[in-house]
Amino acid sequence: MNFEKKIKELNIILPEAKPPVGSYVATKKTGNLLFISGQISIGSDGKLIKGKLGKDLAVEDGYKAAERCALSIVAQVKKACGGDLSRIKECVKLTGFVNSTEDFTD
């Protein structure tokens, strides 16, 4: 599959792969494995998406925040692979966290 072609076909614009804010690395290659550090939700306007689902954010806002996180992950992968997403053969593990109220069930 041509990932670049598919990204363009879906009208997806990848954000800039941001450097880490804390004392950690954004990516780490070990052998033929690539590890990506945790990514946060940054809107297309460059602002941090804040709030809890069920209190400050509607479900649609949560979807958007998750989408922005996913795009950041792909941007970090692309940067770590020298711009060539075809170097990725499979995803072994992907962990996601949702900031929500205790009673949020959607």
Side-chain angles (χ1 to χ4, degrees):
M1 171 183 282
N2 184 323
F3 295 107
E4 291 298 327
K5 182 178 175 183
K6 190 65 172 178
I7 287 170
K8 285 179 184 174
E9 182 181 301
L10 294 171
N11 294 317
I12 294 173
I13 299 171
L14 292 178
E16 175 188 345
K18 303 284 187 200
V21 179
S23 60
Y24 60 93
V25 295
T27 62
K28 178 69 176 173
K29 291 183 203 176
T30 301
N32 63 351
L33 296 175
L34 173 64
F35 295 86
I36 308 296
S37 68
Q39 299 295 303
I40 57 175
S41 302
I42 299 175
S44 57
D45 60 1
K47 294 181 182 177
L48 179 63
I49 300 172
K50 300 179 189 178
K52 285 185 179 266
L53 280 163
K55 180 181 177 190
D56 311 301
L57 302 173
V59 172
E60 184 177 305
D61 299 323
Y63 277 113
K64 189 64 177 171
E67 176 184 57
R68 295 301 302 176
C69 249
L71 291 175
S72 291
I73 292 168
V74 175
Q76 291 291 353
V77 168
K78 185 174 179 179
K79 181 177 179 181
C81 291
D84 184 4
L85 287 172
S86 71
R87 293 179 61 194
I88 302 300
K89 302 305 177 204
E90 65 183 312
C91 178
V92 175
K93 179 180 179 182
L94 181 62
T95 303
F97 298 94
V98 177
N99 186 17
S100 65
T101 60
E102 289 182 21
D103 60 341
F104 183 79
T105 58
D106 287 348

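- When every heavy atom of Thr95 is checked against every heavy atom of Lys93, the shortest pair comes out as OG1-CE, 3.2 Å.
- Counting heavy atoms from C-beta outward, Leu34 and Ile88 have side chains that approach closer than 4.5 Å.
- Side-chain contact between Asn99 and Phe97 is absent, with no heavy-atom pair separated by less than 4.5 Å.
- In this structure, Glu9 places its CD atom where more than 12 heavy-atom neighbours from other residues, nucleotides or ligands lie under 6.0 Å away.
- Of the possible donor and acceptor atoms, one in the side chain of Gln39 sits under 3.5 Å from a partner among the backbone N and O of Ser37.
- Between Pro15 and Ile42 there is no side-chain heavy-atom pair separated by less than 4.5 Å.
- Between the side chain of Lys47 and the backbone N or O of Ser44, no donor-acceptor pair lies under 3.5 Å.
- When the side chains of ILVMFWY residues are joined at heavy-atom separations under 4.5 Å, either directly or via intervening members, Tyr24 and Val77 end up in two distinct hydrophobic clusters.
- Asp61 places a side-chain N or O within 3.5 Å of a backbone atom of Ala58 that can act as its donor or acceptor partner.
- Expressed to the nearest 0.5 Å, how far CG of Asp56 lies from OG1 of Thr101 amounts to 9.5 Å.
- Hydrophobic clustering (side-chain heavy atoms under 4.5 Å, transitive across Ile, Leu, Val, Met, Phe, Trp, Tyr) keeps Ile73 apart from Ile40.
- Connection of Ile49 to Ile13 is not established within any shared hydrophobic cluster, with ILVMFWY side chains joined at heavy-atom distances below 4.5 Å, either directly or through further cluster members.
- Clustering ILVMFWY residues whenever any of their side-chain heavy atoms sit less than 4.5 angstrom apart, transitively, puts Ile7 in the very cluster that holds Leu10.
- Cluster annotation: Ile36 and Leu33 are assigned to distinct hydrophobic clusters (Ile/Leu/Val/Met/Phe/Trp/Tyr, side-chain heavy-atom contacts under 4.5 Å, transitive).
- In this structure Asp106 satisfies the side chain to side chain contact (heavy atoms under 4.5 Å, CB included) test together with Val59, Phe104, sequence neighbours excluded.
- The heavy-atom pair separating Ala17 from Ala75 by the smallest distance is CB-O, 3.6 Å.
- The minimum heavy-atom distance linking Ser41 with Ala65 is given by the pair OG-O, 2.9 Å.
- A heavy-atom distance below 4.5 Å is found between the side chains of Leu85 and Val74.
- For residues 66-79, the set of pairs meeting the side-chain hydrogen bond (donor to acceptor under 3.5 Å, both in side chains) definition, not counting sequence neighbours, comprises Glu4-Lys78, Lys64-Glu67.
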